[in-house]
Structures are given as C-alpha cells and as structure tokens.
Amino acid sequence: MKRIGVLTSGGDAPGMNAAVRAVVRKGIYHDLEVFGIYNGFQGLMEGKIEKMELGSVGDMIQRGGTMLYSARCEEFKTDEGQNKGIEQLKKFEIDGLIVIGGDGSFQGAAKLTAKGFPCIGVPGTIDNDIPGTDYTIGFDTALNTIVEAIDKIRDTATSHERTYVIEVMGRDAGDLALWAGLANGAETVVIPEKDEPFENVVDRLKRGSERGKKHSIIILAEGVGNGMDYGKRIEESTRFETRVTVLGHIQRGGRPTASDRVLASRLAGKAVDLLLEGQGGLMVGIQNNELVHHDIIDILKQPHKLDMSLYQLMNELSI
Ligand code: ATP
C-alpha cells in the first residue's frame with residue numbers, strides 16, 4: 001500500500017473534515033501518498049482527484065461541511081459507473097480507498113471491494129443509523145444543535161402557553177429525536193421504531209394540561225411523517241394552540257463538537273491502519289468505547305437498532 005484515496009459521500013455531516021484531516025495526516029505519517037477525491041463517487045468517476053499534503057487539511061478540524069464536497073451519484077450504482085471509478089483509481093495508482101459517508105456510500109465501497117479494489121467505510125452521517133457502531137460522525141453535533149434550538153423554542157412555548165411539535169432529521173432512524181427528547185425534557189417523542197397510538201400522545205398532553213403544565217413539546221422524527229400534518233392533528237384533537245417548527249438543514253451544519261472531532265479522528269485513523277494491514281471491505285466503528293471493524297456486507301444486511309431502554313426512560317421521565 002503506497003497510495004490511498006479518501007472521499008466523502010452522501011449527506012454531509014459535521015466532523016467529516018476532521019476525518020479527512022486524520023486520513024491525510026496519519027497516511028503521510030506512515031509514508032503513504034494520500035489523494036483527496038472531490039464530490040464523492042461522482043468526482044471519482046470524473047477523476048477529480050488531487051494529491052493532499054500536510055497543509056491541505058490545515059485549519060479544517062473545526063469546520064462543518066466537507067472540504068472534499070459531497071454528492072449523490074446514481075450512475076455509480078451501475079457496473080459501468082463503478083468501472084469508470086476503478087479506471088480513475090488505476091490511473092492515479094491508488095491502492096486503497098477510504099469512504100466517509102452513510103449506508104448508501106458503504107454500498108459503493110462494498111461494490112468496489114468486490115471488484116478487487118480495497119475500501120474501508122467510515123460512518124459519517126448525523127442520523128446515527130449505521131449498525132456496527134454506537135455513534136456515527138456528526139450525530140453529536142446535530143444533537144447539540146437540536147438541543148439548543150429546542151431550549152429556545154421552550155422559552156417562547158412557556159411564554160405563550162403553547163404546544164410545539166418539532167420535526168427533526170434522522171431519515172428512518174429515531175436516534176436524534178429520542179436523544180433530543182431526553183436532553184430537552186420533552187413531553188413526547190414520536191419515532192419510527194415505536195408505533196405509539198396517536199390517542200396516547202393526546203391523552204398525555206391533556207393530562208399535562210390538567211396538572212397545570214404551561215407548555216408541551218413533542219419531538220417528531222422525520223421518518224414518522226410530516227410535522228405540519230402532525231401539528232394540525234394535535235391541535236384538532238386537543239384544542240390546544242399548537243405551533244410547528246421543522247428544524248431542517250441547520251441540523252446538518254455547524255462546527256463539530258469536541259466529541260465528533262475526536263470520534264472522527266479515531267475512526268479515520270483506524271481506517272488507515274486497516275488499509276496499511278492490506279485489508280478491505282470493512283467498516284470501522286466504535287462500540288463500548290472500543291474501536292472495532294466489521295465486514296461491510298454483513299453490516300449492510302443488518303437493521304439499525306435503537307436503544308429502546310432510552311425510550312422507556314424518556315417515557316418514565318416525562319410522566
Ligand atoms: P446519508 O445517510 O447521509 O444519506 P448515504 O451515504 O446513505 O448518506 P446515499 O445517497 O444513500 O447517502 O448514498 C451516497 C452515494 O453512494 C450514492 O449517491 C451513490 O453514488 C452511492 N451508492 C448508494 N447506493 C449504492 C449502491 N447500491 N451501489 C453503488 N453505489 C451506491
């Protein structure tokens with residue numbers, strides 16, 4: 001292994017830059033030449049590839065987004081697209097690739113590995129929806145952004161004695177909603193992993209009001225449905241004045257938290273180690289604070305699991 005490449009793909013996540021930085025610095029430390037591939041798999045097919053130096057990743061660890069840019073690329077899902085990518089890797093004499101992204105990006109990494117080109121996946125997505133790791137890069141930052149936003153919404157919810165429905169991201173996973181629910185002391189969290197009858201949510205709101213609660217906060221994971229529709233149903237069923245906030249893309253941006261920077265550095269460093277050992281077709285993760293690796297194909301077959309004890313605790317605390 002003499003030359004390695006790194007790309008970011010799928011939705012951007014805070015901490016991706018810290019991961020790219022770690023790949024470049026650790027690679028160079030171990031006498032590798034490191035190439036940055038711009039615009040994800042799209043840029044790989046187009047040969048948007050540049051050699052990175054130590055200074056290429058300077059002043060980057062604290063920045064959100066991704067300096068390598070990201071893209072979604074349908075063509076790469078085809079054999080032809082993957083072969084174009086491999087041609088470029090051969091042209092630049094790159095021997096191994098680190099793919100930072102979500103499960104879609106891992107599919108791409110698995111396909112390249114199956115065609116004889118070793119790839120290591122680094123989980124970078126705010127959704128925390130990748131099996132085989134307790135946390136993904138960006139989750140902690142997005143969670144903190146949500147928590148800060150909801151703290152502010154709570155002030156106005158109290159002042160006006162309103163019910164708020166707050167829609168948060170997470171794709172099909174409820175992690176962001178559930179963790180925010182615990183951290184914000186929300187009354188209710190509605191997540192795709194738990195089919196809670198709508199009447200239960202309404203009953204809980206009514207009970208809270210009878211106890212003299214001045215406001216209520218419902219956190220709705222985007223995977224459950226549209227926040228606006230949900231808010232309308234809540235208002236119709238309770239007759240409480242209800243407002244809806246869809247937090248949207250503010251959740252994806254911003255300076256990564258210390259925790260995400262450290263996680264990104266650790267996971268990316270481990271990915272370089274695996275390439276140096278001549279391995280491929282693996283993803284790196286963190287479980288019980290230990291760095292681990294798993295076969296990417298096995299991981300892609302597994303469903304995402306949410307820690308349901310947190311859901312139970314959330315309900316016990318929001319009684
Ligand atoms: P996020 O979780 O943030 O959305 P992601 O990595 O899951 O990130 P996707 O859009 O699903 O995002 O995938 C990113 C890219 O990975 C796709 O645009 C495509 O180029 C590549 N990709 C996805 N699925 C496959 C596949 N089955 N085969 C080859 N490449 C794929």
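Note that the structure is predicted; figures quoted are calculated from it, not measured. All ligand and atom numbering here is 1-based and tracks the order in the structure. Values below: every heavy atom of this structure, side chains too, minus hydrogens, waters and symmetry copies.
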Would Q302 and H294 satisfy side chain to side chain donor-acceptor pair (under 3.5 Å), going step by step from the backbone distance to the final call? CA-CA 12 Å; Q302 289 178 24; H294 304 283; over 6 Å; no
Test side chain to side chain donor-acceptor pair (under 3.5 Å) on T66 and D12; report intermediate values, then the result. CA-CA 6 Å; T66 160; D12 66 326; over 6 Å; no
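The immediate protein surroundings of ligand 1, defined as residues with any heavy atom under 4.0 Å of it, consist of S9, G10, G11, F41, R72, C73, F76, K77, Q82, G102, D103, G104, S105, Q107, G108, K111, T125, D127, R171.
Under the ring pair (Phe, Tyr, Trp, His ring centres under 6.0 Å) criterion, Y135 pairs with W179, sequence neighbours left out.
Between the side chain of R154 and the main chain of N184, a donor-acceptor pair closer than 3.5 Å is present.
Taking Ile, Leu, Val, Met, Phe, Trp and Tyr as hydrophobic and joining them when side-chain heavy atoms fall under 4.5 Å apart, one finds I61 isolated, its cluster having no other members.
Evaluation of the ring-ring contact (aromatic ring centres under 6.0 Å, His included) test over residues 198-220, restricted to residues two or more places apart or in two chains, returns F198-Y230.
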